Amino acid sequence: MRMSRAFIPTEKEAPKDAVLSSHIYLARAGFIAQVASGLYNLLPLGKRVLKKIERVINEEMEHAGAQEVELSFVTPAELWEESGRIHKFGKELLRFKDRKENLFVLGPTHEEMMVNLVRNRVSSYKQLPLNLYQIKTKFRDEARPRFGLMRAREFVMKDGYSFHASTEDLDREFDAMEAAYKRILERLGLDFRIVEADSGAIGGSGSKELMVLAESGEDTLAVCDRCEYGANIEAARRSARREIPEAPEADFNRFETPGIKSIADLSAFFHVDPYYTLKAVAKRALYEDGDEIVVFFLRGSDDLQEVKATNACGAMELVDVDEAELTAIGLVPGFIGPLDLASVRTVFDNDVKGAGHMICGANEPDAHYVGVDLSVLPEEAQYAELYEAKEGDGCPVCNGTLGYTKGIEVGHIFKLGTVYSEPLGAEFLNENGKAEPFVMGTYGMGVSRLIAAVIEQHHDDKGCVWTRATAPYLVNIMVSNIKDEAQMALGEALYASLRASGVETIFDDRKERFGFKMKDAELVGYPLTVIIGKELANGNVQLFDRTAGEKRDVAAEEVEKHIMEWLG
RNA sequence: CGGGGUGUAGCUCAGUAUGGUUAGAGUACUUGGUUUGGGACCAAGGGGCCGAAGGUUCGAGUCCUUUCACCCCGACCA
């Protein structure tokens with residue numbers, strides 16, 4: 001491409017609403033342009049990057065035996081009624097009616113559509129397994145789109161779905177997909193981590209997220225400093241405590257504790273490690289039909305992980321409650337304990353099962369019990385994992401230590417089982433001629449988000465630094481002064497030659513000054529820029545490596561050889 | 001959805017507390033000239049329904065009401 005003819009509108013100033021580096025540079029360098037909240041146009045450079053990422057995905061999917069399809073973007077609302085998700089998805093689903101008043105939604109993900117495609121077309125175990133995927137625009141009417149391509153309403157996603165006759169076969173495919181996803185991210189040149197994750201509202205198990213490590217990531221990850229273990233904070237586990245604080249010696253007793261409401265105050269009041277205090281966290285659990293207040297109990301040294309808590313009580317979501325609401329049902333805020341508790345649903349963290357020497361609220365104002373043995377709790381008490389793993393906790397798989405890091409979720413794979421095939425009645429006949437629902441897996445990857453993730457991880461104060469697999473053009477031939485005939489002649493010759501060799505090349509033949517073109521080259525982030533300038537008088541040109549940020553002189557007649565070596 | 005903020009030239013922003021010539025700057029763009037290795041300089045230009053609607057006033061970018069859009073914090077996010 002000749003830059004004099006290219007549509008690459010670079011800007012000196014960032015759009016005022018851009019906060020993230022990737023958003024700023026992608027906008028300034030002319031890759032994207034905002035249209036409305038969460039909606040972006042991809043300009044020629046952006047489209048090229050997208051296609052390069054898509055190509056890597058397609059190659060790896062082909063290699064893994066998956067087949068590409070393309071399902072319609074507009075999907076009939078009836079399918080969403082059938083699966084029940086039209087209610088669960090809520091306002092994120094953009095709905096509209098056609099001229100015949102039929103209701104449709106813009107696809108935010110395509111489980112229903114894919115199941116619908118396969119059911120009744122695949123009817124025998126002999127036709128399984130099957131792995132179908134697409135790379136397609138999705139639309140989710142996000143409550144708050146932000147960060148440019150990172151959280152847009154309209155975005156491009158690769159979504160794949162596999163169909164199996166058994167969970168064993170699903171497990172095999174899941175591992176194969178994990179390996180394929182790993183290869184894709186490696187090829188794109190990203191530093192990432194595969195972590196355990198919550199499977200979310202969609203249901204299922206064996207959930208893993210692919211996280212590109214970046215400070216600006218929206219997800220917090222707990223990762224081990226010794227082994228491969230990593231998990232989204234929502235699902236992170238820890239080993240048993242290495243050191244148990246010395247237990248306080250006290251017989252069961254009731255104490256007046258005026259105004260002592262927080263764990264910190266309680267711990268100070270009794271000179272006891274918070275480990276031996278019982279924390280009560282009350283939330284209102286919202287279900288599909290109705291809601292209730294639930295009290296979660298865990299050690300004072302732990303914090304409640306809301307996603308775990310939500311799953312533990314089977315709620316759609318948990319919301320905060322105020323003191324008046326608690327008082328109204330007979331709870332005493334600040335002094336809630338498990339003994340003689342008013343009739344309210346409770347869930348206990350596994351770690352307090354049978355715990356002794358505990359201090360907990362007495363369910364009356366200004367009083368606590370000490371020396372409580374929680375093995376007195378009734379048999380039917382509900383226990384679940386409620387704690388949030390903290391930095392410094394022990395790794396659950398080795399004896400390393402967990403630390404926090406931030407990640408950008410670019411992929412999510414999980415085992416669906418029959419959660420869609422069953423309600424949608426998608427069945428096949430097994431070897432015994434008996435009908436069974438398909439066992440399914442789903443594999444998503446945010447393609448447009450990956451564009452942003454690459455830059456979030458690869459940029460400097462001058463602009464984008466594309467990896468080789470993602471760069472819109474690999475080589476930029478920059479002629480410093482287009483009025484210099486020798487410079488221009490070499491530029492033209494080199495451009496023609498590289499193009500003939502199939503190298504993705506852009507030719508900066510604009511009537512601009514050296515500094516202007518260099519700033520542009522750095523902002524856009526071409527991996528290699530060939531500078532044909534004043535050094536040509538001495539028989540030299542320069543190769544500017546964007547990643548290293550260094551220029552080196554090479555003989556003009558050998559420049560192509562050097563470029564080919566650089567390309568590898 | 002709760003709280004806060006901003007809408008003036010393609011872009012980044014002054015001007016709005018206290019209403020008053022013809023609405024400004026930088027940048028970008030056009031033309032001419034000088035420059036030519038780190039976003040050049042000089043000169044001359046083009047470009048605005050001051051987000052929209054209504055109102056107050058002799059007079060509104062500025063005051064009042066309504067509304068729309070966009071952004072930030074939070075909630076939410078297969």
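Throughout, a chain's letter reflects where its sequence line sits, starting with A, and its residues are numbered from 1. It should be emphasised that the depicted structure is a prediction, and the values quoted were computed from it without experimental measurement.
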By nearest-heavy-atom nucleotide on RNA chain B, the more 5' of A:T10 and A:A36 is A:T10

Base, sugar-phosphate, or nothing: which does A:R153 touch, judged by heavy atoms less than 4.0 Å apart?
nothing

Would you call A:R172 and A:D169 a salt bridge, taking side-chain N to carboxylate O under 4.0 Å as the test?
yes

Sticking with atom C1', work out how far B:C77 lies from B:U67, rounded to a whole angstrom.
29 Å

How many Å lie between CD on A:E218 and C1' on B:C72, as a whole number?
14 Å

When the P atoms of B:G33 and B:U22 are compared, how many Å lie between them, rounded to an integer?
38 Å

Have a look at B:A17 and give me syn or anti from its glycosidic angle (syn if within 90° of zero).
syn

Rounded to whole Å, CD of A:Q542 lies from P of B:G37 at a distance of 12 Å

If the plane angle is over 60° it's perpendicular, under 30° parallel, otherwise tilted; pick one for A:H23 and A:Y40.
perpendicular

I'd like to know if A:K406 and A:E215 make a salt bridge, using a cut-off of under 4.0 Å between side-chain N and carboxylate O.
no

Could you measure between the two C1' atoms, the one in B:G46 and the one in B:A28, and give it in whole Å?
13 Å

Using atom CZ of A:R510 as one end and atom P of B:A28 as the other, report the distance to the nearest whole Å.
13 Å

Any strand is fair game: report the nucleotide pairing with B:C13 by Watson-Crick or G-U wobble, both distances under 3.5 Å, or none.
B:G24

Nearest-neighbour nucleotide for the A:S480 side chain, B:C11, B:G37, B:G38 considered:
B:G37

Suppose we call two aromatic rings close when their centres sit under 6.0 Å apart. Are A:H87 and A:F89 close by that rule?
no

Both distances below 3.5 Å, Watson-Crick or wobble geometry, any strand: find the nucleotide opposite B:A69.
B:U6

Atom CZ of A:R151 and atom P of B:C71: how far apart are they, to the nearest Å?
14 Å

Side-chain atoms of A:N481 come closest, of B:U12, B:U36, B:C11, to B:U36

Counting any heavy atom closer than 4.0 Å, what does A:P9 reach on the DNA or RNA strands: base, sugar-phosphate only, or nothing?
nothing

Which of B:C72, B:G37, B:C77 is nearest the side chain of A:R144? It is B:C72

Winner on side-chain proximity to A:I531, out of B:G37, B:C77, B:C71, is B:G37

Please determine, for B:G32, whether a Watson-Crick or G-U wobble partner exists with both distances under 3.5 Å, and give it or none.
B:C42

Starting at atom NZ of A:K511, determine the distance to atom P of B:U35, rounded to an integer number of angstrom.
12 Å

Check ion pair A:K283-A:D320 (N to O, under 4.0 angstrom):
yes

Run the ring-centre check on A:Y473 versus A:W466 and record whether the distance is less than 6.0 Å.
no

Using atom CD of A:E234 as one end and atom P of B:A75 as the other, report the distance to the nearest whole Å.
12 Å

Distance check: side-chain N/O of A:R513 vs OP1/OP2 of B:A40, anything under 4.0 Å?
yes

Side-chain donor or acceptor of A:R146 under 3.5 Å from a matching atom on the base of B:G74?
no

Distance between P atoms of B:C42 and B:U35 (Å, rounded)
15 Å

For nucleotides B:G61 and B:G24, find the distance between their P atoms and express it as a whole number of Å.
13 Å

Does any nucleotide pair with B:G19 by Watson-Crick or G-U wobble geometry, both distances under 3.5 Å, and what is it?
none

Expressed in angstrom and rounded to an integer, what is the separation of A:K534 atom NZ from B:G38 atom C1'?
11 Å

Within 45 degrees of the axis of the six-membered ring of A:Y387 and under 6.0 Å from its centre: does A:K308 put its NZ or CZ there?
yes

Do A:E178 and A:K208 meet the salt-bridge criterion of a basic N to acidic O distance under 4.0 Å?
yes

Quick check: any donor-acceptor pair below 3.5 Å linking the side-chain of A:E512 to the base of B:G38?
no

Hey, which sits more toward the 5' end of RNA chain B by its nearest nucleotide, A:M445 or A:V35?
A:V35

Any strand counts, and the cut-off is 3.5 Å on both contacts for Watson-Crick or G-U wobble. Which nucleotide pairs with B:G47?
none

For the pair made of CZ in A:F139 and P in B:C77, what is the distance, rounded to whole Å?
18 Å

Expressed in whole Å, how much space separates the P atoms belonging to B:C41 and B:U36?
15 Å

Spell out yes or no: do the side chain of A:K462 and the base of B:G39 have one donor N/O and one acceptor N/O closer than 3.5 Å?
no

Measure from the side chain of A:E13, starting at C-beta and using heavy atoms only, and say which of B:U12, B:U36, B:A75 lies closest.
B:U12

Using a cut-off of 4.0 Å on non-hydrogen atoms, how would the nucleic acid contact of A:V319 be classed: base, sugar-phosphate, or nothing?
nothing

Using the C1' atoms only, state how far B:C70 lies from B:G51, rounded to an integer number of Å.
10 Å

Check this one for me: any side-chain N or O of A:S37 less than 4.0 Å away from OP1 or OP2 of B:C71?
yes

Would A:F514 count as stacked on B:G37 if the rule is ring centres under 5.5 Å and plane angle under 30°?
yes

B:U21 and B:C11: how far apart are their C1' atoms, nearest whole angstrom?
29 Å

Looking at A:D303 and A:K279, does any basic side-chain N land under 4.0 Å from a carboxylate oxygen?
yes

Phosphate contact (B:C71 OP1 or OP2) by A:Q34 side-chain N/O below 4.0 Å
yes

Considering every strand shown, what is the Watson-Crick or G-U wobble mate of B:G37 when both distances are under 3.5 Å?
none

Report yes if at least one side-chain N or O of A:K12 is closer than 4.0 Å to OP1 or OP2 of B:C11; otherwise report no.
no

Can you find a donor-acceptor pair, distance only, under 3.5 Å between A:K483 side chain and B:U36 base?
yes

Remember a base hit wins even if backbone is also touched, and classify A:D520 as base, sugar-phosphate or nothing at under 4.0 Å, heavy atoms.
base

